[in-house]
Amino acid sequence: MKHSAIKDCLQLKKKYDEEVTICGWVRTRRDSKKFSFIELNDGTCFASIQVIADAEIETYQNVLDASTGSSLQVTGILKESPGKGQKVEVHAQKVELLGIADSDYPLQKKRHSREFLRTIAHLRTRTNTFGAVFRVRHAASFAVNQFFNERGFVYLHTPIITASDCEGAGQMFRVSTLDALKPPLNDEKQVDYTQDFFGEETSLTVSGQLEAELFASALSKVYTFGPTFRAENSNTPRHLAEFWMIEPEMAFCDLQGNMDLAEEFIRYVITYILENCKEDMEFFNKWVEKGIIDSLQDLCKSDFERITYTEAIKALENAKKSFEYPVKWGMDIQTEHERYLTEEYLKKPVFVTDYPRDIKAFYMRVNDDEKTVAAMDLLVPRLGEIIGGSQREERLDVLKKNMEKHELDEATYSWYLDIRRYGTTPHAGFGLGFERLIMYLTGIENIRDVIPFPRTPGNAKF
RNA sequence: UGUCCAGUAGCUCAGUGGUAGAGCGUUUGGCUGUUAACCAAGUGGUCGUAGGUUCGAAUCCUACCUGGACAGCCA
């Protein structure tokens, strides 16, 4: 089917008085006795195009049958529009009805609640909001790959199925082909995973970091960008059981270099989206999060703050504000504290570094004070934590001690330790939740609305 | 998982102990270079589910289910 994108017609890549064929779905139709107006949208851009069909054309009955949601192929002449709402319109000569939409088509022209649209995730992409979200998601995804490619990073596809447990990143989903009702048992009456598909217990990955470290120890700079799975029973607007994570890992890099990259990365993606998704961003700016364009632009101009955990604790202690969780060195920074730091105290994104080692993962590099580790979290207004990263412990003896502390089995991680045995290097990396980035870019407040088909506790529909 | 809030027409909601409502959508007709079109008529319900209190429950109570917010876990 030869046809033009509505985007190209609206941007006048096709010229006035030129014949065009366009395809799309009817957003709405307005009839009079002598002609009809159809708003046709094909998702190639935010805007719909106005089709005007004279009642005299042979295929006019198709126009009258084209209910909201129906799919059409329209051939006509591109014209300058005398009406107020648009510059361009198509004067139809032939209208083909490709697929009629039943009268119970659930999308109306007016606003629907996000909660309702979530129940019809197979259709919600036909709305203004979700069309814009997923065009931005695509553009951001492209920008991510372009950013790393320009800087000499190798895109690494780490495994989805993994046998390494206890990465400290959360509960894992088991992957098994054993009979769930009658699994084979061993002598200790435990499930005998040696009889399972992989000959051992396996799960879906919670992070590609460990594998990325291995590759960084050969290719210098790598990144992963793929699905990640956490079986936590989290019911919040910023958690998913299946989400997409970006994890760069760099050899010969310390915590400062790690933060420099993270900051440059965020700026790069924001700049790309502001330049390439103008129409969609204007929609978010007007209807979803007022002023988001200005605030993203401001962000690109000023440096992010960098404070240590110890400084953050002092700031919280001095805050003229009472917190539900008391502030004390050694505690975890709670959501209310994060919000204060980034939204009230500094009013901009902030890296918090050098956390107490007792509350952080085994692979983070121990600082000289032996009390803290070279970790960093990036906190941003509206969202809280968007990035978590660290310089990795490259010293074999220190790493072994840490693993002992965390009660991890050395044998399971022999390959991870080998990297410290054969030409170890200072190295660092971070993890960034792609959906959280999209929330940050669009102003959408619930993470379930920035991924095509969200997986959350109790919900794996579509 | 805990706490709180909410489930009434396809959607968004009003109704707080006495006959089930509105706007939008949809259907039909009319009108207009229309554009969240307009005008008129029609359409629409096991009031989340199951118990209980009461002469009487959408309304009060209990449990469960579903959705949302906040918190924890994190990206």
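Values below: all heavy atoms of this structure, side chains included; hydrogens, waters and symmetry mates excluded.
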For [N], which nucleotide is its Watson-Crick or G-U wobble mate, given both distances must be under 3.5 Å?
N: B/C38; result: B/G30
N: B/C4; result: B/G68
N: B/U54; result: none
N: B/G25; result: B/U43
N: B/U19; result: none

Residues A/S36, A/Y60; criterion side chain to side chain contact (heavy atoms under 4.5 Å, CB included); working and verdict: CA-CA 9 Å; A/S36 290; A/Y60 192 66; 2.8 Å; yes
NA contact type, [X], heavy-atom cut-off 4.0 Å: base, sugar-phosphate, or nothing?
X: A/L240; result: base
X: A/Y325; result: sugar-phosphate
X: A/G431; result: sugar-phosphate
X: A/F430; result: nothing
X: A/D104; result: nothing
X: A/R114; result: nothing
X: A/Q50; result: base
X: A/L107; result: nothing
X: A/P82; result: base

Would you say [X]'s side chain and [Y]'s backbone share a donor-acceptor pair under 3.5 angstrom?
X: A/N285; Y: A/I293; answer: yes
X: A/R436; Y: A/E385; answer: yes
X: A/E305; Y: A/V350; answer: no
X: A/R27; Y: A/R126; answer: yes
X: A/T442; Y: A/I438; answer: yes
X: A/R230; Y: A/M172; answer: no

In whole Å, measure the gap between the [atom1] atoms of [N] and [M] for me.
N: B/A22; M: B/A9; atom1: C1'; answer: 11 Å
N: B/C13; M: B/U49; atom1: C1'; answer: 22 Å
N: B/U53; M: B/U66; atom1: P; answer: 28 Å
N: B/G23; M: B/U43; atom1: P; answer: 14 Å
N: B/C4; M: B/G44; atom1: P; answer: 41 Å
N: B/C31; M: B/A41; atom1: C1'; answer: 15 Å
N: B/G42; M: B/U27; atom1: C1'; answer: 7 Å
N: B/G10; M: B/C47; atom1: P; answer: 12 Å

For [X] and [N], give me the distance from atom [atom1] to atom [atom2], rounded to whole Å.
X: A/K34; N: B/U34; atom1: NZ; atom2: C1'; result: 15 Å
X: A/R230; N: B/G72; atom1: CZ; atom2: C1'; result: 15 Å
X: A/N459; N: B/C65; atom1: CG; atom2: C1'; result: 14 Å
X: A/I451; N: B/A75; atom1: CD1; atom2: P; result: 16 Å
X: A/I333; N: B/A75; atom1: CD1; atom2: C1'; result: 16 Å
X: A/Y223; N: B/A75; atom1: OH; atom2: C1'; result: 18 Å
X: A/K110; N: B/A22; atom1: NZ; atom2: C1'; result: 11 Å
X: A/E232; N: B/C73; atom1: CD; atom2: P; result: 10 Å

Nearest-nucleotide comparison on RNA chain B, the residue closer to the 5′ end among A/F243 and A/K461: A/K461
Return the 5'-most residue of the pair A/S234, A/P237 with respect to RNA chain B, ranking by each residue's nearest nucleotide.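 The residue whose closest nucleotide sits nearer the 5' end is A/P237.
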Give the nucleotide from the list [options] with an atom nearest to the side chain of [X].
X: A/S103; options: B/G72, B/U27, B/U1; result: B/U27
X: A/I447; options: B/A75, B/G33, B/A71; result: B/A75
X: A/E39; options: B/U35, B/C11, B/C74; result: B/U35
X: A/F116; options: B/U34, B/U12, B/C24; result: B/U12

Output yes when at least one side-chain N/O atom of [X] is less than 4.0 Å from OP1 or OP2 of [N], else no.
X: A/R29; N: B/U34; value: no
X: A/N446; N: B/A69; value: yes
X: A/Q334; N: B/A71; value: no
X: A/K33; N: B/C31; value: yes
X: A/T236; N: B/C70; value: no
X: A/S67; N: B/U26; value: no
X: A/S113; N: B/U12; value: yes

Is there a donor and acceptor pair closer than 3.5 Å between the side chain of [X] and the base of [N]?
X: A/H239; N: B/C74; result: yes
X: A/E115; N: B/U66; result: no
X: A/N235; N: B/U1; result: yes
X: A/R111; N: B/C24; result: no
X: A/E89; N: B/G33; result: yes

Could you list the donor-acceptor pairs under 3.5 angstrom formed by side chains in residues 38-49 of chain A, with sequence neighbours left out?
residue, atom, partner, partner atom, Å
A/E39, OE2, A/R30, NH2, 3.1
A/N41, OD1, A/G43, N, 2.8
A/N41, ND2, A/F46, O, 3.3
A/N41, ND2, A/S48, OG, 3.2
A/D42, OD1, A/T44, N, 3.0
A/D42, OD1, A/T44, OG1, 2.6
A/D42, OD2, A/I6, N, 2.9
A/D42, OD2, A/T44, OG1, 3.3
A/T44, OG1, A/K7, N, 3.1

Is the distance between the ring centroids of A/F148 and A/F265 less than 6.0 Å?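 That pair passes the under 6.0 Å test.
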Ring pair (Phe, Tyr, Trp, His ring centres under 6.0 Å) contacts in which one or both residues fall within residues 443-462 of chain A, not counting sequence neighbours: A/H122-A/F462, A/F453-A/F462
